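Since the structure comes first, as C-alpha cells, the remarks are kept for the end.
Keep in mind that the numbers below use all heavy atoms, side chains included, and drop hydrogens, waters and symmetry copies. Every chain is numbered from 1 and lettered A, B, ... according to where its sequence line falls, protein lines coming before strand lines. Just so we're clear, the structure is a prediction, and the values are computed from it rather than from any experiment.
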Amino acid sequence: MYELLKKDGSAKRGRFHTPHGAIETPVFMNVGTAAAIKGAVSAPDLMEIGCQVELSNTYHLHLRPGDEVVYQMGGLQRFMNWERPILTDSGGFQVFSLAALRKIKEEGVHFRSHIDGHKIFMGPEESMQIQSNLASTIAMAFDECPPIPASREYVEKSVARTTRWLARCQAEMARLNQQERTINKRQLLFGINQGGIYADIRIEHAKQISQMELDGYAIGGLAVGETHAEMYEILEKTVPYLPLEKPTYLMGVGTPENILEAVERGVDFFDCVYPSRNGRHGHVYTNQGKLNLFNAQYETDDRPIEEGCGCPACRKHSRSYIRHLLKAKEMLGMRLCVLHNLYFYNTMMAEIRQAIEAGEFLSYKRKKQDNFQRGGSF
RNA sequence: GGAGGGGUUCCCGAGCGGCCAAAGGGGGCAGACUGUAAAUCUGUUGCUUUAUGCUUCGAUGGUUCGAAUCCGUCUCCCUCCA
C-alpha cells in the first residue's frame, strides 16, 4: 500500500508498505542482478550504506543458480541474507539488452542463454513463476523494452503486446499467490508503461494499465538512446496519467541529475547500474561532480573521495590509496568505490525526501545541480 | 681461452634490404558505460612548425638509389666446452 505523505509541486514524498517492511520514497534501489551487488558488496554492507531495497533479475537468476535452487533455499531474502524488500526485474530488459540472442513471439520470448547457448523460453507466466520462486517483495511485469529509435508502427505493436502480457502476468500472479507452496503469498506486481518517445502512445498505454489495479506503475524503455530532454518530456507527459495513489518507478535511471529531474516530475522509485558499474570502473560521485580515480591527478591526492562523506571508503581511505588499489586490480579498490557511490545515491535520496517534506525540493535541486556543474557535470 | 646465441620504441617481444616510426602483448594516458552478457569496451602512446619533415632498432665505420634488416670493428649480455 502506498501512502502519499507530502507533495511539493509534482514531487512526491511517500511510504510504500510491503510485507517485508516500509520503503521511504523517493528511493533508489541498489542493483544486484545476480543476487549480489557486483564489487564484493554484501547484504550487511548494504545495511551500512543505507540501502532500502535491493534489486535482482529474473532472467539471470533463472539461468544461474536456477530459481528452483533459490526456492529450495527459502527464497531470495534468505538466500542472500537480506531482510528488507527486494524487487525482481522480469527479464523484460534482457529482451532489449540480449536482442541478438532472442526472438519475440506472442506467447513470449525465446532466448538463447548468453552463458552456454541453450534455448530458454520466457513468457509472462514463466516470468511470474520464476519471480514467485525467487519470492521477491515486488515482481515486475514481463514486458518488451523496445529500442530507441524504433518506428511508430513497431512501438505500437510492441506496446499492445506488452499490455496483453501484463494481463497474463496479473492472472498468473493471482494464481501463484494462492498456491500452497508459494513462499511469499503477498508478492506485489508492478506494471510497466512503454511507448518509446511517442508521447501519445505512452499516455494511451498509461491510461490502460492504470485501470488494471496493479501495486505500482513503472515507466520503462527510457534512457535507451533518447536525449535527456526527450526523456524529461516523456515523464512530464506520462506520469500524470499514472495513479497518484500508487508508486511510480522509472526503470534503469539514472544519473543524479536524471533522478532530480524525475523526482520533480513525480517519480518515486529508481534503479540504475551506474553507481555500481561506474564504481567498479573507478568513477566516483561527489557533490562537485564525478571523478575518475584512474586519472593521474589523483596519484598523490591524500584527500578522501569527498570531504565529510560518511561512507566506509571516505572515512578511512585517500584517493591516492584507492587509485593504487584500482590500478593494481585489487578487489578492495572496486569495492570501496561501489560502496561510496551507493552511499552517495542513498544519501542523496534521503536529502531529497527531507527537502520534499520541508517543501523545499526545487531549491534543493537547484543547489545540488549548481554544485554538480561546478566540477563538471555527470 | 674455444664454440654458439643475442642486444628493437617505457617493458616484453615480432620484424631480417624498400609497403617500418616499426606487428602483438604489457604498462602509461584518456574516454565510454542509464530495468548489468561489462572487474568490460574504445582510443591513444618517439619529436615537431603535421611534412614527399626530423630523430629512433647496443656503438661506430662501410656496402646500397635505399639498412632495424647485409659487411667490418668495438661493446655488453646469455648458453655450452676447456
Presence of donor-acceptor pair under 3.5 Å, side chain of Asn292(A) and base of rG31(B): no
Short N/O separations, protein against nucleotides 36-38 of chain B, under 3.5 angstrom:
from	atom 1	to	atom 2	distance (Å)
rU36(B)	OP1	Asn57(A)	ND2	3.2
rU36(B)	OP1	Asp89(A)	OD2	3.2
rU36(B)	OP2	Thr33(A)	OG1	3.0
rU36(B)	O4'	Arg277(A)	NH2	3.4
rU36(B)	O3'	His60(A)	NE2	3.3
rU36(B)	O3'	Gln94(A)	NE2	3.4
rU36(B)	O2	Arg277(A)	NE	3.3
rU36(B)	O2	Arg277(A)	NH2	3.0
rU36(B)	N3	Arg280(A)	NH2	2.7
rU36(B)	O4	Ser276(A)	OG	2.4
rU36(B)	O4	Arg280(A)	NH2	3.4
rA37(B)	OP2	Ser97(A)	OG	2.4
rA37(B)	O5'	His60(A)	NE2	3.0
rA38(B)	O2'	Arg280(A)	NH1	3.1
rA38(B)	N7	Arg277(A)	NH2	3.0

Side-chain donor-acceptor pair present, Thr227(A), Glu230(A), cut-off under 3.5 Å: yes
Nucleotide forming a Watson-Crick or wobble pair with rG24(B), both distances under 3.5 Å: rC12(B)
RNA chain B contacts among residues 211-233 of chain A, heavy-atom distance under 4.0 Å: Gly221(A), Ala223(A), His228(A)
Nearest-Å distance for atom pair NZ/P, residues Lys329(A) and rU40(B): 7 Å
Identity of whatever pairs with rU40(B) - Watson-Crick or G-U, under 3.5 angstrom: rA32(B)
Close side-chain approach of Pro304(A) and Arg319(A), heavy atoms under 4.5 Å: no
Charged tip of Arg323(A) within 45° of Tyr298(A) ring normal and under 6.0 Å: no
Contact check, side chains of His20(A) and Glu83(A), non-hydrogen atoms, under 4.5 Å: no
Sugar-phosphate, base or nothing in reach of Gln194(A), heavy atoms under 4.0 Å: base
rU48(B) and rA67(B), which share atom name P, separated by this distance in whole Å: 26 Å
Atom pair distance, as rounded to whole Å: CG in Leu332(A) and P in rA39(B): 17 Å
Between C1' of rC41(B) and CZ of Phe294(A), the distance in whole Å: 13 Å
Identified pairing partner of rC65(B), criterion: Watson-Crick or G-U wobble below 3.5 Å: rG18(B)
Lys327(A) side chain near rG26(B) phosphate (N/O to OP1/OP2, under 4.0 Å): no
Residues which pass side-chain contact (heavy atoms from CB on, under 4.5 Å) with Ser42(A), listed by chain and number, not counting sequence neighbours: Pro44(A), Asp45(A)
Inter-nucleotide P distance (rG7(B), rU55(B)), Å rounded: 25 Å
Atom pair distance, as rounded to whole Å: NE2 in His283(A) and P in rA39(B): 14 Å
N/O donor-acceptor pair under 3.5 Å between Thr88(A) side chain and Asn57(A) backbone: no
Parallel, tilted or perpendicular, as decided by the 30° and 60° cut-offs, for the rings of His60(A) and His114(A): perpendicular
Pair assignment for rU79(B), Watson-Crick or G-U wobble, requiring both distances under 3.5 Å: rA3(B)
Length of the CD-C1' vector between Glu299(A) and rC29(B), whole Å: 12 Å
Sugar-phosphate, base or nothing in reach of Phe96(A), heavy atoms under 4.0 Å: nothing
C1' gap between rG31(B) and rU50(B), integer Å: 24 Å
Euclidean distance for P, rC12(B) against rC19(B) (whole angstrom): 26 Å
Separation of the P atoms in rC11(B) and rG66(B), to the nearest angstrom: 31 Å
Atom P, compared across rA23(B) and rG15(B): separation rounded to whole Å: 14 Å
First of Asn295(A) and Glu144(A) reached from the 5' end of RNA chain B, by closest nucleotide: Asn295(A)
Nearest-Å distance once atom P is located in both rG53(B) and rC20(B): 15 Å
Between rC29(B) (C1') and Arg323(A) (CZ): distance, integer Å: 9 Å
Side chain to side chain donor-acceptor pair (under 3.5 Å) contacts in which one or both residues fall within residues 337-355 of chain A, not counting sequence neighbours: Asn30(A)-Asn346(A), Glu351(A)-Tyr364(A), Glu351(A)-Lys368(A)
Pairwise P distance, rA59(B) and rA82(B) [rounded to whole Å]: 36 Å
rU48(B) pairs with, by Watson-Crick or G-U criteria that keep both distances under 3.5 Å: rA51(B)
Out of rU34(B), rG35(B), rA39(B), whichever nucleotide has its closest atom nearest the side chain of Asn258(A): rU34(B)
Pairwise ring pair (Phe, Tyr, Trp, His ring centres under 6.0 Å) hits with a residue in residues 149-168 of chain A, at least two apart: Phe142(A)-Trp165(A)
Rounded distance (Å) that lies between atom C1' of rC33(B) and atom NZ of Lys290(A): 8 Å
Residue among Glu106(A), Glu144(A), Glu156(A) satisfying salt bridge (charged side-chain N to carboxylate O under 4.0 Å, His left out) with Arg161(A): Glu144(A)
Scan the side chains in residues 242-252 of chain A for donor-acceptor partners under 3.5 Å anywhere in the protein, sequence neighbours excluded, and list what turns up.
from	atom 1	to	atom 2	distance (Å)
Lys246(A)	NZ	Leu214(A)	O	2.7
Tyr249(A)	OH	Asp271(A)	OD1	2.7

Nearest-Å distance for atom pair CG/P, residues Asn278(A) and rA32(B): 10 Å
